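Okay, so here's the structure we're looking at.
Not measured: the values here are computed from a predicted model. For the single chain, residues carry numbers from 1 onward in sequence order.
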Amino acid sequence: MNRNRKRTQFAGLAGLVLGLATLCAVCADASAQEEEGDGTEKAEKKEEGSNTLKTLASYGLVLLGLGIVMIPVAKTFSSSYSYAQARLMLTNLLRTNPNQAEFMAKKMQGTFCEAIAAALKTGGTTMSQDVTVVSSATKPTYDGVASGVAAKWGGDVSKAKLGLVAGVGGAGVALAGGAWPAIPVIIAILTVIAFLRLLWFKNELDSSIMRARAEILPEVDQAICSGRYVGPPPPAM
């Protein structure tokens, strides 16, 4: 609840900044047009003031946009992984040392491995060697945790869209009359690239979650049923 409230407040604040910056640029244009017929010198001063406001608005928007997008993008590098390598590692460990597999999977937060670790732990509490019983515990656990991981990244993508809009809008304001428009345009391009990186990561995550359910989760069930995994003790009655 608190996390959702913080996200809402963050999005509202960013939207307010975006609106104020755009409003400043629009007002600057309107002021310059109204004063156009009041003399050459006065018109030049108004135009200079308008350009200054546009410059400030453009820099503020592109920097805000880049910051909003880069926050979740930075997490993609700390969670960066190859599904093929992770699958090979976890499969080998599940067949030889499942407890070590659980330890390694827990370290890979924000990926399908987080759901594998949870499924392994939950399946171990069944204290059963019946694959049907074990699977009835591991699959719902995997699906629930994996859905939470995907939803978290989905929320990051939604917030990043706001940053993308701010970055592109700032570049538009700069091209409309701000000073040194090349710099805001470059920052906006970097924002777009960062956003594409986030989208790519999210698509790879969704794909790996589905593949791991079919390819790795059965290995979890077998590790538990064979007795190779030493699960946590059952809760006291």
Side-chain angles (χ1 to χ4, degrees), residues 3-30 32 47-86 107-114 146 148-209:
R3 183 176 297 176
N4 292 333
R5 185 178 303 170
K6 289 181 180 179
R7 288 180 178 176
T8 303
Q9 293 174 349
F10 177 80
L13 179 59
L16 179 61
V17 174
L18 173 61
L20 290 175
T22 305
L23 181 61
C24 289
V26 172
C27 291
D29 274 341
E47 183 178 356
E48 182 179 353
S50 174
N51 289 340
T52 300
L53 287 175
K54 286 181 179 179
T55 301
L56 293 176
S58 65
Y59 275 78
L61 285 170
V62 295
L63 291 175
L64 174 65
L66 182 62
I68 293 175
V69 175
M70 285 304 299
I71 291 174
V73 168
K75 294 188 294 185
T76 68
F77 290 100
S78 62
S79 299
S80 185
Y81 67 103
S82 166
Y83 172 77
Q85 292 177 348
K107 294 174 62 176
M108 303 175 72
Q109 295 291 315
T111 70
F112 74 90
C113 299
E114 186 176 342
V149 171
K152 182 180 178 180
W153 283 108
D156 288 336
V157 171
S158 297
K159 290 190 294 184
K161 288 180 181 178
L162 180 63
L164 180 65
V165 171
V168 174
V173 172
L175 292 173
W180 308 298
I183 297 178
V185 169
I186 292 173
I187 296 176
I189 292 174
L190 293 176
T191 303
V192 173
I193 294 174
F195 183 76
L196 292 176
R197 156 74 187 186
L198 182 61
L199 282 183
W200 172 84
F201 181 89
K202 178 63 168 60
N203 290 335
E204 288 293 308
L205 174 71
D206 292 340
S207 175
S208 67
I209 286 174

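- Side-chain atoms of Lys202 and Leu198, non-hydrogen and from C-beta on, never get closer than 4.5 Å to each other.
- Nearest heavy-atom pair, Gly170 versus Pro184, reported as atom, atom and distance to 0.1 Å: O-CB, 4.5 Å.
- Counting only heavy atoms from C-beta outward, the side chains of Val192 and Leu164 approach each other to under 4.5 Å.
- Although no hydrogens or angles enter the test, the distance criterion places a donor-acceptor pair under 3.5 Å between the side chain of Glu114 and the main chain of Gly110.
- Ala150 and Leu205 get closest at one heavy-atom pair: CA-CD2, 4.2 Å.
- A search for side-chain contact (heavy atoms from CB on, under 4.5 Å) contacts involving Leu56 returns Thr52, not counting sequence neighbours.
- Residues meeting the side-chain contact (heavy atoms from CB on, under 4.5 Å) test with Ile189, sequence neighbours left out: Val185, Ile193.
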Side chain to side chain contact (heavy atoms under 4.5 Å, CB included) assessment of Leu196 paired with Trp200
CA-CA 6 Å; Leu196 292 176; Trp200 172 84; over 6 Å; no
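- Trp153 is listed as a side-chain neighbour of Thr76, based on a closest heavy-atom distance under 4.5 Å.
- Annotation: the span from Ile71 atom CD1 to Leu66 atom CG amounts to 10.0 Å, rounded to 0.5 Å.
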Apply side chain to side chain contact (heavy atoms under 4.5 Å, CB included) to the pair Thr191 and Val62, showing each step before the final yes or no.
CA-CA 8 Å; Thr191 303; Val62 295; 5.8 Å; no
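- With a 4.5 Å cut-off on side-chain heavy atoms, Arg197 and Phe77 count as touching.
- Side-chain contact between Leu61 and Ser58: absent, with no pair of heavy atoms (C-beta onward) separated by less than 4.5 Å.
- Of all non-hydrogen atoms in Asp156 and Pro72, the two that sit nearest each other are CB-CB, 3.7 Å.
- To the nearest 0.5 Å, atoms OH (Tyr59) and CG (Leu64) are separated by 16.0 Å.
- Of all heavy-atom pairs between Ala194 and Val73, the closest is O-CG2, 3.2 Å.
- Listed here is the closest heavy atom pair of Phe195 and Val157: CE1-O, 3.9 Å.
- Between the side chain of Ser207 and the backbone N or O of Glu204 there is no donor-acceptor pair closer than 3.5 Å.
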